[in-house]
Each structure stands twice: as C-alpha cells, then as structure tokens.
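Nothing here was measured: the structure is a model prediction, and the numbers come from that model.
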Amino acid sequence: MHRKLFAAIFLSAFVLTAPALAVGGGDDDASNDAVRQCNNGEVWDRGKNECVPADQQSLDDDALFENGRALAYLGRFEEAVTVLGMIKDQNRPDVLNYLGYSTRNAGDLQAGITHYRRAIALDPNYTLARSYMGQALLLDGDRAGAIAQLDAIETRCGRDCRGYAELAEAIVAATEDRAWRY
C-alpha cells in the first residue's frame with residue numbers, strides 16, 4: 001500500500017520537475033564546460049577567461065566555489081575537495097554541501113554526512129543538502145533517516161522541487177527489491 005502510494009507521489013513529483021531538470025543549470029553548464037578544460041590543479045578564472053593555478057591569490061571565495069561545484073558535477077571529486085577547501089569561509093552552507101557531496105563520492109561517506117549535517121545546521125531550509133544527505137544515509141543503510149530528510153524537504157518546498165525528486169528516486173531505487181517499510 002505505502003509502496004504504491006509513494007511511487008505515485010514520486011512519479012507526480014518527477015513529471016512536474018522533469019522539464020526543469022532537463023533544461024540544465026545555465027551558468028552551471030557554462031561553468032562545467034569551462035572547468036572541464038582545466039588540468040588537475042587548475043581552475044577557471046572568468047576574469048582572465050583561462051585556466052589558472054588553483055592556489056592563485058586573485059580568486060575569491062565565489063570563484064573557488066563555482067569551480068569546486070563544477071569539478072564535483074564533473075566527477076572530479078578529489079579536485080573538488082581541494083578547491084572547496086581553499087575557500088576562506090568554511091561555514092557557508094553551500095560550501096559544506098558540496099564538500100559533503102565530493103567527499104561522499106570520493107569514498108568517505110562519514111565525512112560527507114558530517115559536512116551535510118553542518119550545512120543543514122546552518123541553513124535548515126537548504127533542501128539540496130537535505131537531499132544529498134538523504135542519499136548518503138541510504139548508502140549508510142539508514143532508510144528511515146533518508147525518509148525523514150524527504151519529509152523535511154516536502155515541508156519546505158513540496159513535492160515538486162529538485163531535492164524531493166532526487167531523493168524520492170533514490171529511496172525508490174534502494175527499496176525496489178526490499179520489503180517497503182515507511
């Protein structure tokens with residue numbers, strides 16, 4: 001019963017968000033393309049319109065964040081951790097979220113969860129961090145924790161936001177071959 005209900009809810013959420021997810025991130029896509037051409041140890045400098053050494057002092061926190069996020073989405077997780085770690089303000093929820101995403105995907109699940117918890121403590125309404133944390137909790141075998149994050153996302157932005165759709169899909173995928181417990 002709950003499984004069918006959850007699947008129906010997920011499908012309606014996914015149908016509503018699919019066009020938004022398909023369009024892409026605009027600047028995110030451009031950032032990914034620019035960063036993609038940089039070698040390990042380099043980041044994209046928009047002002048110079050070229051790759052520069054990652055430790056170059058002319059890059060501010062926002063430029064480093066943009067590069068770190070792009071590296072994470074390109075699957076270059078260790079590089080993303082390095083670049084995100086260069087950001088002076090390590091108490092930004094977005095920085096902590098992408099540190100969580102990158103460390104989790106680089107193989108350190110517990111460090112990823114720790115970063116997500118810090119991001120959410122700073123901004124309880126940061127639904128993307130909640131979605132990524134829920135996915136990490138699933139990997140850690142904590143399905144109930146993942147569902148709690150899904151419920152928290154629904155409370156904050158409903159069922160038609162990116163974080164809800166991504167976590168709902170992960171929960172369904174993780175439970176397809178198991179008895180459903182809600």
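- Linking Ile, Leu, Val, Met, Phe, Trp and Tyr whenever their side-chain heavy atoms come within less than 4.5 Å leaves Tyr132 and Leu122 in two separate clusters.
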Problem - Pair Asn97-Tyr126, side-chain hydrogen bond (donor to acceptor under 3.5 Å, both in side chains): steps then yes or no - result: CA-CA 9 Å; Asn97 179 53; Tyr126 192 2; 3.3 Å; yes
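- Arg156 contributes a side-chain N or O that, together with a main-chain N or O of Ala152, makes up a donor-acceptor pair within less than 3.5 Å.
- Residue Thr155 holds its OG1 atom at 9.5 Å from CG of Leu150, rounded to the nearest 0.5 Å.
- The minimum heavy-atom distance between Gly134 and Leu167, with the atom names listed, is C-CD1, 3.6 Å.
- In summary, the side chains of Ser131 and Gln135 do present a donor paired with an acceptor at a separation below 3.5 Å, with no hydrogens or angles considered.
- Judged as a salt bridge (charged side-chain N to carboxylate O under 4.0 Å, His left out), the pairs with a partner in residues 91-101 (not counting sequence neighbours) are, in order, Asp62-Arg92, Arg92-Asp94.
- Distance check, rounded to the nearest 0.5 Å: CG of Asn105 to CZ of Arg76 gives 15.0 Å.
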Handout entry: side-chain hydrogen bond (donor to acceptor under 3.5 Å, both in side chains) evaluation trace for Arg118 with Asn91
Key = CA-CA 8 Å; Arg118 287 184 57 209; Asn91 286 315; 3.0 Å; yes
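- In this structure, Leu84 and Ser102 have side chains that are in contact, with non-hydrogen atoms separated by less than 4.5 Å.
- Of the possible donor and acceptor atoms, none in the side chain of Asp61 sits under 3.5 Å from a partner among the backbone N and O of Ile87.
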Practice task
Before giving the answer on side-chain hydrogen bond (donor to acceptor under 3.5 Å, both in side chains), spell out for Asp140 and Gln110 the whole-Å C-alpha distance, their side-chain angles and the decisive distance to 0.1 Å.
Solution key: CA-CA 8 Å; Asp140 200 33; Gln110 294 309 313; 3.2 Å; yes
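- Using bins of under 30°, 30° to 60° and over 60° for the plane-to-plane angle, the ring pair Phe77/Tyr101 lands in the perpendicular bin.
- Annotation: side chain of Glu78 is not in contact with side chain of Leu71 (no heavy-atom distance under 4.5 Å).
- Under a hydrophobic-cluster definition in which Ile, Leu, Val, Met, Phe, Trp and Tyr are linked whenever side-chain heavy atoms come within less than 4.5 Å, directly or via other members, Leu64 and Leu96 are assigned to different clusters.
- For the pair Glu166/Leu128, a side-chain contact is recorded, criterion being any heavy-atom separation below 4.5 Å from C-beta on.
- The closest side-chain heavy-atom distance from Ile113 to Leu109 is below 4.5 Å.
- The CD1 atom of Ile120 sits 4.5 Å away from atom CE of Met133, with the distance rounded to the nearest 0.5 Å.
- In this structure, the side chain of Asn67 engages the main chain of Trp44 through a donor-acceptor pair within 3.5 Å.
- You'll find the side chain of Val35 stays beyond 4.5 Å of the side chain of Val43, heavy atoms only.
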Practice task
Would you sort out whether Arg130 and Tyr116 count as a side-chain hydrogen bond (donor to acceptor under 3.5 Å, both in side chains), showing the intermediate values?
Solution key: CA-CA 7 Å; Arg130 287 185 175 280; Tyr116 295 135; over 6 Å; no
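- A 4.5 Å side-chain heavy-atom check between Arg104 and His115 finds every atom pair outside the cut-off.
- Asp142 places none of its side-chain heavy atoms less than 4.5 Å from the side chain of Leu138.
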Problem - Audit row: Asn49, Asp45, side-chain contact (heavy atoms from CB on, under 4.5 Å) steps and yes/no - result: CA-CA 6 Å; Asn49 206 29; Asp45 186 327; over 6 Å; no
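- Rounding to the nearest 0.5 Å places NZ of Lys88 at 8.0 Å from CG of Asp60.
- In this structure a side-chain-to-backbone donor-acceptor pair under 3.5 Å is missing from Glu169 to Tyr164.
- Judged by distance alone, the side chain of Asn39 and the main-chain N or O of Glu42 form no donor-acceptor pair under 3.5 Å.
- At least one donor-acceptor pair under 3.5 Å links the side chain of Thr103 to the backbone N or O of Gly100.
- Between Cys161 and Ile153 the shortest side-chain heavy-atom distance falls below 4.5 Å.
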